[in-house]
Amino acid sequence: MKELEERIRKEGIVLGGDVLKVDSFLNHQVDTAFLSVLGKEFARRFAGSGVNKILTVEASGIAVAMAAAPYFGSCPVVFAKKGNAANQSADCYGANLHSYTRGIDYSARVSRNYLTKEDTVLILDDFLANGEALNALIDIVRQSGARLAGCGIVIEKAYQPGGARIRGLGVRVESLARIAAMAPGQITFAAE
Ligand code: 5GP
């Protein structure tokens, strides 16, 4: 998506450890009008897939999911809560994962009340790197018996293994911007 690529080029800061900082519109200050444009694009890509619920993980995924929901019939947004990896509870679906940005293991959990086999779920998140967050959310959808329509990502770092890992599970992944390479002061996008 050209507008998103331009925004990343203009405002993105490449940090060490393969982290792209886009705090000016996505991860700290949220440009709500721009995220609404991104949300509409997810709806265009997943049109006709029967999505009745959006699943994400706190915290940065929530803004993306909230921006997209109005274009999916104002469907509910469920966000997985993060907790201690050892803490699982019987009334929740849960999966453990490794945090890319914090370098720690934690659990993502979703109440059984908010995800059921009647649901068709779209998973949304801000970034895709190694696929840990998506893999955990996909696991949670499978535990619930819901149908998975696919995953929508704002920025995929396509040179990292997450995209191949998740697509290799047979899951549809739609990324609005795909970074082929990045270094301080230089970001190259994969061809659309
Ligand atoms: P993964 O689970 O695919 O390894 O990493 C994705 C998660 O880590 C996302 O939920 C996102 O919050 C965080 N993340 C991964 N890479 C980046 C990055 O380059 N910049 C930012 N801001 N977050 C990232």
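All of these numbers come straight from a predicted model, not from anything done at the bench. For ligands, and for the atoms within them, numbers begin at 1 and follow the listed sequence. Numbering starts at 1 and runs along the sequence shown.
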**Item:** Salt bridge Glu118-Lys53, side-chain N to carboxylate O under 4.0 Å
**Value:** no
**Request:** Report the residues that fulfil side-chain contact (heavy atoms from CB on, under 4.5 Å) with Ala190, sequence neighbours left out, ordered by chain and then residue number.
**Result:** Arg178, Ala180
**Prompt:** Is the shortest side-chain N to carboxylate O distance from Glu6 to Arg9 below 4.0 Å?
**Reply:** no
**Asked** On the ring face of Tyr93, is Arg142 found with NZ or CZ under 6.0 Å from the centre and within 45° of the axis?
**Response** no
**Item:** Which residues share a side-chain contact (heavy atoms from CB on, under 4.5 Å) with Ser111, sequence neighbours left out
**Value:** Asn113, Tyr114
**Complete:** Those residues with a heavy-atom separation under 4.0 Å from ligand 1 are Asp18, Val19, Leu20, Asn27, Tyr100, Thr101, Asp125, Asp126, Phe127, Leu128, Ala129, Asn130, Gly131, Glu132, Ala133, Lys157
**Item:** Ile104: hydrophobic cluster co-members (side-chain, 4.5 Å)
**Value:** none
